[in-house]
Amino acid sequence: MPQDIYDKIMMLAKRRGYIYPSFEIYGGVAGFYDYGPLGSQLKNNVENLWRNFFLLKDNCIEINTPTITPHDVLKASGHVEEFTDLTVDCEKCKRSYKVEDIIDDNISVEQAVKEDKLKCPTCGKKLKDAHPVNLMFSTTIGAGKGRAAFLRPETAQGIFTNFHLLYRYNRERLPFGVIQIGKGYRNEISPRQGMLRLREFSMAEAEVFFDPEDKKHPNFDSVKDKKLFLFDNEKEFKISLEEAVNKKIINNQALAYYMYLTQDFLFSAGVDPKKFRFRKHSSDELAHYAIECWDAELYSKRFGWIECVGIADRSAYDLNAHIDFTGIDMYALKKFAEPKVVNVKKFVPKMNVMGPLFKDKAGRIKELLEKIDVKNKRKVSVEVDGETVEIPENCYEIVETKEKIMGEKFVPHVIEPSYGIDRVVYFLLEHNYAEIKKKGEEYRILKLTPQMAPIKVGVFPLIGDKKLVNIAKEIDKNLRNAGIETYYDDGGTIGRRYARMDEIGTPFCITVDHDTLEDNTVTVRDRDTTQQERIKQEQLTDYFQDTFAF
RNA sequence: GCGGAUAUAAUCUAGUGGUUAUGAUAUUGGCUUCCCAAGUCAAUCGCCCGGGUUCAAAUCCCGGUAUCCGCACCA
């Protein structure tokens, strides 16, 4: 079988300790991959670079929330509905449909299934065995029946459910961004595409909260002339952030800014700019919570364009959902320049009338009555213990008072850049993989950037001479003490050792040779040029530290 | 989930209903003392899982799992 680049990369990844299929000795499980020693390190480097962009450059705050999420949270967010579609398969034409898509408007999904009224819209065949397709992994919290829960399908809800605390932490100022890096889970029906479609995956998400009327970013001006790489489903083009926003290609500054931050991050990590573009979601492919979404797509020789980052405008969808479900105040306050004094009409209960009339319910009715807007005067009623209680007019007065209003409450909008870290890691391997011929033999180089490379420096004695070995080992130790990942190697020939380092992407190799004994210098070899320069032994740490800083 | 193909060592691969499964790479240890996978000697590691047919199965059949391709799905 001919091997394409994906096969070659996965072979190299397995052989060299980047990526292994999970639980392989038990036959493997589709949609799960392990990171080996080098893969873990590469992934850490990707995540840390990402933090550098969002935590430092963009001044976000980072939190960590559980992966197990109670049913109600995901019910409120809309995920439970979106994930439990009833599906039927047609044996004749081999298609599957959502039940709700193929039934008449006047019949419910339950009825249609019960009364066996499902027909294939393509061939007319009767359909049976409607079954729910739920893409969330479910579990329970606690013993026995416990409390229904899911493994989270995204990290975002953990941020939304803390919004009121985070808003306070941020001293009630907008905009502010909250990031989280962690695992997400989707029980894919058939995970194809190897590393690119996992059932358990790492995501890095930022939820940035904005005033809906002011979706501007403080850093926008500093990047407004930079070019974004866009794709409009016909052609690819480059356009400045400012122009894209002015022409309404991108709806607002905030979205454009995070698109640029994403592009900048991916290029810094070593994504090939020629294999990168942003594509806008059409209205029918938008997620249930999104009003606008741009995908950062990366090109794979085997799989084509693959979404690696989604940058969505989630509007106030999620916060509203949690407010509706819990009643928790998740509003932000837009302070007026001057407090406004307004006239407010309020119901003021007369407890001497209500007490005898409603007895033990009077207290609760009072509280509910005080919350009712006076405008709905015609029918004054409240819900208590599932009953509607009409409140007679003699139970209250309507009193007009002056109130000071400091500002206007609103539910913030959210711009969400959401990264599939595993996909980014895979694409760094694919985009940086190079093959050349050396003496007619295939020679592989992984051209990872110095910041991303798991091993930064190979350290070798030219030959196994004790004196050279001792010096090399000392250099190795010093570099490690300075925080630089090294790999000491004195096995085989020098060429073999260089080759080994090239294949795993190590950007530099130090060789201690006979001249070292004379003048205390070593050679430093550059992976991509194979050029060497002589550096004083004691200058090595300084020489490298700058190179590897983020 | 449907249809098709495939599954031999860490990686690639030859091969066959019948003794101890081929070769290369890799890895480890020598020799060589050497600046880009050199040579040499030695060692290490394997027939995806389960069931069936058979005197005998890694090979044939069935089921499972995984991978790849096509369809469907992909918030």
Side-chain angles (χ1 to χ4, degrees), chain A residues 1-4 6-8 10-17 20-32 36 74 77-85 87-98 122 129 131 133-136 153-154 156 184 186-194 196-199 281 285-290 293 302-303 306-307 310 312 314 317 418 436 438-445 458 460-466 468-469 490-503 509-515 522-523 525 527 529-532:
Chain A
M1 230 198 324
Q3 296 159 358
D4 69 0
Y6 179 82
D7 288 325
K8 286 180 175 177
M10 292 313 276
M11 261 152 40
L12 187 155
K14 191 172 175 187
R15 196 156 40 84
R16 288 303 190 190
Y20 310 133
S22 296
F23 312 113
E24 200 185 20
I25 63 168
Y26 285 88
V29 189
F32 296 90
L74 293 159
S77 71
H79 287 87
V80 172
E81 260 78 33
E82 294 297 321
F83 275 68
T84 52
D85 297 319
T87 305
V88 283
D89 302 312
C90 178
E91 289 167 28
K92 202 168 158 194
C93 49
K94 313 287 182 211
R95 283 169 208 275
S96 51
Y97 303 93
K98 286 185 188 178
T122 310
D129 300 326
H131 50 279
V133 171
N134 193 326
L135 285 145
M136 290 196 289
E154 58 173 11
R186 295 175 192 184
N187 201 0
E188 300 285 354
I189 295 169
S190 69
R192 294 288 182 78
Q193 305 176 306
L196 296 180
R197 207 146 144 224
L198 301 178
R199 287 181 162 132
H281 276 209
E285 66 179 313
L286 283 171
H288 65 277
Y289 49 68
C293 183
R302 178 185 282 192
F303 301 113
I306 297 290
E307 171 204 350
R314 296 178 75 132
Y317 181 92
S418 172
I436 57 171
K438 250 189 188 179
K439 294 179 185 162
E441 237 192 294
E442 200 170 77
Y443 191 94
R444 291 171 294 275
I445 308 170
F460 320 136
L462 182 60
I463 55 169
D465 183 314
K466 267 268 162 56
L468 302 188
V469 166
D490 58 15
T493 62
I494 190 76
R496 185 179 295 271
R497 288 177 252 160
Y498 285 142
R500 216 168 359 224
M501 289 296 111
D502 286 345
E503 195 178 34
C509 293
I510 292 172
T511 300
V512 175
D513 59 15
H514 301 291
D515 291 349
V522 297
T523 64
R525 168 194 182 264
R527 176 193 64 204
T529 63
T530 75
Q531 297 299 303
Q532 298 182 355

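A note on names: the letters A, B, ... follow the listed sequences, proteins ahead of strands, and every chain is numbered from 1.
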* Asked: Does A:R496 have a side-chain nitrogen or oxygen under 4.0 Å from the phosphate oxygens OP1 or OP2 of B:rU27?
  ->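 So the side chain of A:R496 is within the cut-off, an N or O lying under 4.0 Å from OP1 or OP2 of B:rU27.
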
For a quick check, tell me whether the side chain of [X] and the base of [N] share a donor-acceptor pair closer than 3.5 Å.
X      : N      : value
A:R525 : B:rC36 : yes
A:Y498 : B:rC35 : yes
A:R186 : B:rC73 : no

Return the value, rounded to whole Å, for the distance between atom [atom1] of [X] and atom [atom2] of [N].
X      : N      : atom1 : atom2 : value
A:M501 : B:rC36 : CE    : C1'   : 13 Å
A:Q193 : B:rU67 : CD    : C1'   : 14 Å
A:R444 : B:rC36 : CZ    : P     : 19 Å
A:E503 : B:rC36 : CD    : P     : 19 Å

* To do: In whole angstrom, give me the gap between the C1' atoms of B:rA21 and B:rA57.
  =>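 Rounded to whole Å, the distance is 14 Å.
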
* Distance between C1' atoms of B:rA42 and B:rC47 (Å, rounded) ->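 These two C1' atoms come out 26 Å apart once rounded.
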
* **Pair A:R444 + A:E503, salt bridge at N-O below 4.0 Å** => yes

* To do: Report the base-pairing partner of B:rG39 (Watson-Crick or G-U wobble, both distances below 3.5 angstrom), or none.
  =>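 Pair assignment: B:rG39 / B:rC31.
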
